[in-house]
Amino acid sequence: MAEIKNLGISYNKEYTDFKIWAPSRNQVDLLLYTDYRQIRPTKYPMDRVEDGCFYTRIEGNLDGLFYRYLLNNKYEVTDPYSIGSSINSLKSAIINLSDTDPEGFRQRSYIKVPHKEAVIYEVHVKDFSAHDSSGVKNKGRFLGFVQSGKCEDLQTGLDHIESLGVTHVHLLPVADFLTVDERPEKFFDDDNYNWGYDPELFNVLEGSYATNPYNPKNRIREFKTLVDELHKRNIGVVLDVVYNHTYKSIDSNFNTIYPGYYYRSFDGKNFANGSGTGNEMASEKEMVRAFIIDSLKFWQEEYMIDGFRFDLMGLIDKETMGLIRDELRKTNPYSLIYGEPWTAQDSPLAYEDRVLVGSQKSQEIAIFNPNFRDSLKGLGDGPERGYLQGNLSLIDQVKEGISGSIGFVNDNFWICDEPWESINYYNSHDNLILVDKLKLSLGDVSENHDISMLATSIIMTSQGIPFLHAGNEFFRDKKMIRNSYRSPLEVNAIDWNYKKTYFDMFKYTQDIISLRNEFKEYFTLSSKEIGEKFNFIEELPEDIIGYEIEGTRGKLIIFHTIKWDAASIDLEKLISQGKNLDFRLIFDKSGSTNRPETNLNNVILSPISTKIFLGERKV
Amino acid sequence: MNFNDRFKESLELYLKVNSGKEIEDANTGDLYFAICYFVREMIGPHWSNKNEGKKKYYSLSFEYQPGKLLEKNLVYLNIKDKIDGALKNMGISLDEIISFDKEIGIGLGGLGSMTDANLDSMTSLGFDTVAYGIRYEKGLLKHNLDKGEQIESPQNWLEVAKAWEYDIQKKYKITFKDFELEAKAFDYPYLGHRNQKVNPLRLWAVDPFEDIDMEALSSWDLKGAFEKYNIKKSLSSFLYLNEKTVEARKFRLSQEYFFISASIQDIISIESKKTKGIKNLEKNIRIEINDTHPILAIPEFIRLLKEQFNIPYKDSLKISKEVFTYTTYSVLEESFNVWEIDLINETIPQIMEPIKYIDREFKALAKDKGFSEDILNQLAIIKDNKVFMSNIAVLASRRVDLLTNHHVKLFNYSNLKTYSDIGYDGFYVRNPGVNQRRWLLKSNRELCQLIESLIGSCSKDNPQALEKLLAFEDDFEVLKKLSEIKFTHKENLSSYIYKNMGISINPYSIFDMQINRFHEYKRQLLNALRISQDYFLLKENSNYKMAPRTYFFAGKANPGYKNAKTIISFIHSLAKLINKDRFIQEKIRIIFFEDIGVDSSEHLIKATEVHESPSLSLLNTKSSSTLNFSINGAVTVGTNSGKHSELIEVLGDENFISFGLSSSEDILEENTGTYNARAQYYGNEDIEKLFKNFYKLSWSDFPFNFRDIEDMIFEKNDRYRIFRDLESYAQAHKKVEERYMNTNRWNKMALNCIAYSGRFSNDLSIRALENLEDG
């Protein structure tokens, strides 16, 4: 099949072209509406053109109208290629995109941070500012996200993110999903929250985050404002994209337009369910693949998106992921591309075609690293403990994670060719957030606070791309809810009062990120450089991990202790050529510091803490 | 003095006298009473406009639905705009004051609206009438839904509507076996439309006569002290309490007697004053018995003529046969009172003697005519120690009025069918019609203005003139205006629903309504099951081309009617299931409109596009409610029944979408007894599938035991033919959608419905009656 171009609408002020690929349909009509609520649209027959497409051109300036397609006079569907929508995804909208850009938006372009230097902050738009304590206007919405707010005397909102020092904000899905009623008056209802992994119109923004979801352009302008404000502060925007499934199955617009084509099946009849949500998109099929790539390029080019996080990337075939990478990097070489290297359930997609742990090797894309995550805090949502909670049997996996998961500690743990293929994290939006996991596995003890800080400093001083979930920097909990995908805001909204209560932790996180950025050459080593410059310190007890990294400013020496008591170590003895070095303590439990360490034979490691020295050659 | 000044002065005076306030300090309630007072001043002189030499019509009914009086009276006096303007000058909103008003709470459904329509026609046409009713203090029980169950609570209409009350200082003693009390009259002005005519709506209240038991009170037995007082008071407190127990039946019998005895005493008092003695009643008056409850009036009339004027039974029965008419509104079993003799003897023993007399008279006559034992048995007034009230009504009145032709054939429950068989010739088909003054002139002003601009007047005096509208049926501009008016009403209703119920509905969706008392034969269940079929279809594929619709249900169930209440719960649960389903593209919404009254009916009806009238033709009663919708431009989907047949004849298949069997087919099936619910169920995949779909729903989505519906249908072998008619009903609705989608076609249909409804004005029915009487 020749490449099919211009699906969806092609708008200009004189006319609009409509094109839909519906090879199994005999008749397709275009339905035009002046008000999305109308039930008597104007009907225009469409012509069957090449390659199973139907096409028509309607003269006049159609900006602001709505449309749907009528198939065989029996089904009415929205356009999967819609770029705008009425409230609640009921009708596709015809939009003149050219008047939706904020001033200077396109000129500011993408941020230029090499992906190995990324520090990622994952957050849900609504979680971020919905709570009263955020002190911002337009709480929980796109516009609220980029306000400068205050909770008492402390910064919230955009200022908070900026002060944290992260390079990218990774947003949970902002593309249109079905499980939230978009009417503004419903926004704060307890039963009207969702993470958003219920895709409907892939190229349309979710309306509930807009101040006026009734106006299709409003959400576009406001989201572009969000992107632009982050870009102004040199922070990149990563979108969580959910191309592995659609919320609806039999009556999704795809499946209604061309039944059976867009989804995988084991038996040719029933929907396969590798996503665990009822269906899985057949990314390996030509028009599905083309749709995904077109969609990603649309987000990248129209909204200046800096990177993409692929939900259940294991369900997207390797070839498609390769094409995605090539296409995205063509436009923006800095584009971040990473995803979940697993499926939820079994899939008809051949095992060797799935992007799983390891299959990203040398593919210039990154994966969430489950090994490092689980060895740190323990498997799953049960009481299992990880190294942080004292499970010493996991020490080697933790060390492997710290050294980039390239098989440096043990060949069996070799899952990456280069460290930046690994997203290093101890939690994301999924599963118990760290605070709750600690509570479950250790009880509600005061040490959980120190363990949380330690977990962050381990992630930030490891080789690979560090990743935090919003609120990790101030002990955010989610009331022990394992899967808060539709829990009320009482569970999900970030309570900014925590920032005040746990200000020490915030400052600590800020300092460790700042240290990572300052010493980025030490934490962005290639696999080859790790062999040359990275070294674990031997002869430490199993509850202390120490390592040294060579760099242009000297040697960085890092200790993480999980002991609940203080420990004493002899730095001079442990460090090779330690005698030739002047040691400066640059980071400890209270955050950044800078003082010479003199008592080298008896360096005290506080209980459950990280200590970092810079060893400079004596002159 | 100009109108505004006079009005203002009246308000000021009233407020000073009654609340000690200036206008600017007065609240809505103060102003409401002050304005009512002004209106009463204007009505005052009209009371003396009498129609000397003409017949006087007395009407007895347990129900009336006059609605809210303030707005109606302003419109009927043609001063609404003036008052609105005058109030605006004072910074006061008339709308707010009108919404403060409460409906006169003495009617529930069809009966009330038909007696109201008759009263409206008669008064507007200049008749002298007195309409008697009971002043139910706690009204007709407010009906609200609590988790889907109808809950009744007192409706305190009187605190507001008493603004219209005239205490005419009339009292009559009513005697029961164990106690006595007094009935006290309160008059409400019932206005004619802009004709300076007013008739009284006379409502009886209990005056307990002997008061609280002071002896009990002095020993602090509070309960005892008030016991008798309360029992008596309760006779004019509520309408239609559950009648399942003997106690309840005794209460009802007492209530009926209280009502008719007071009314008959009043009639005799008025007439005897006029004629100095009691003469020429046959010529001067008619007493209409509306429905079964006031039938006791006949023996009471006979009894009182004897007691007060010593007129022998024989003569008074003759008079009774001239002055009484009996109208039956329904052919359901429950619509015919049958009282146990024991119960009568325990309650009002004095009434038995005249009843026995009428019975004896009939038996003598029957013997004379040589009626068979069988017929005699069927028509006996007293049989098996019970009194069959409808037989009294037939045998001791001049006429039996029926609402439609086919009722005669259908009186299986009563014995009226037998009367027809033996050649009784007192049946008269009344064909009640639409009260165009309420449903068009008053409630749909916008439509009226359009009609006036097209044909000069809006059906006030000559309702048939509405047919002139047909000249515009192909006038695109007129049709467009018609649909714009409808859309405005739909939008207003949508915002009302959103404001009051928090449910957002699409004003563009098709507004589809069934407003009926909840009754199995009205088949709200059929309607709901058909909607469910659409819903489950959308659950298979929400993209099915289906025009979005908003379905409204409004109506009340009698407190003791279990199945009707189950149907209410079912619809309520269905509404919850569907309204919260975010994945059917907002194609269906169901609004259950609580505590429906006249005022809310007006708002619902003028916004209606599709009117549902699926009641089983076999048991159908009346046609006037359908006409209320038609005159507002709604197209009816209904059974092809006697009720609708004349309308269908006029409107044709194009403008009336009918389904199901015709009345005669229905009767045939009924009489042959061939219907088999089980065979229907298993012979119809769609129904089986529908039921399975219900059983698949989770309790959290649909907290209703669908088994209750299944059992209800099967228990009586699908008495109401749900299974049989579901498919043809669904087909009818396909037609609705197809026609609706063609904007011009639909608007033309609406115009036809409006134009032809004039032919069915209630005025014509009243005129015909007048001709019959005077003729």
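Here is the naming used below: chain letters follow the sequence lines, and residue numbers restart at 1 for every chain. This is a predicted model, so every value here is computed, not measured.
- In B:R739, the CZ atom is crowded: over 12 heavy atoms of neighbouring residues, nucleotides or ligands sit closer than 6.0 Å.
- Taking the side chain as every heavy atom from C-beta outward, A:Y75 and B:K545 never approach each other to under 4.5 Å.
- Around the CD atom of B:E685, the shell of radius 6.0 Å holds no more than 12 heavy atoms that belong to other residues, nucleotides or ligands.
- Note that CG of B:N541 and CG of A:N255 are 8.0 Å apart. Values are rounded to the nearest 0.5 Å.
- No part of A:E200 comes within reach of chain B, as not one of its non-hydrogen atoms sits under 4.5 angstrom from that chain.
- The environment of CZ in B:F487 is crowded: more than 12 heavy-atom neighbours from other residues, nucleotides or ligands sit within 6.0 Å.
- For B:K481, the NZ atom counts as loosely surrounded, since its 6.0 Å shell holds 12 or fewer non-hydrogen atoms of other residues, nucleotides or ligands.
- Note that the OG atom of B:S483 and the CZ atom of A:R40 stand 7.0 Å from one another [nearest 0.5 Å].
- Once rounded to the nearest 0.5 Å, the distance linking OH of A:Y69 with CG of B:N543 reads 14.0 Å.
- For a residue to count as touching a neighbouring chain, one of its non-hydrogen atoms must lie under 4.5 Å from one of that chain's; by this rule B:I505 does not touch chain A.
- Residue B:K580 places its NZ atom among more than 12 non-hydrogen atoms of other residues, nucleotides or ligands, all under 6.0 Å distant.
- Shortest non-hydrogen contact noted between B:R582 and A:T179 is NH1-C, 3.5 Å.
- Note: A:I39 CD1 to B:Y740 OH = 4.5 Å, rounded to the nearest 0.5 Å.
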request  = With side-chain hydrogen bond (donor to acceptor under 3.5 Å, both in side chains) as the test, would you mind laying out the steps for B:Y508 and A:D35 before giving the verdict?
outcome  = CA-CA 9 Å; B:Y508 287 92; A:D35 181 323; 3.2 Å; yes
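- Distance check: A:K248 NZ to B:Q585 CD gives 4.5 Å after rounding to the nearest 0.5 Å.
- Rounding to the nearest 0.5 Å gives a distance of 7.5 Å between CD of B:E586 and CG of A:D181.
- For CD of B:E484, the number of neighbouring non-hydrogen atoms (other residues, nucleotides, ligands) closer than 6.0 Å is greater than 12.
- The part of A:L70 that comes within reach of chain B is its side chain, from C-beta onward, which places non-hydrogen atoms under 4.5 angstrom from that chain.
- More than 12 heavy atoms of other residues, nucleotides or ligands lie within 6.0 Å of CG in A:D47, so this atom counts as buried by the packing criterion.
- By the neighbour-count criterion of 12 heavy atoms within 6.0 Å, atom NZ of B:K735 is sparsely surrounded, having that number or fewer from other residues, nucleotides or ligands.
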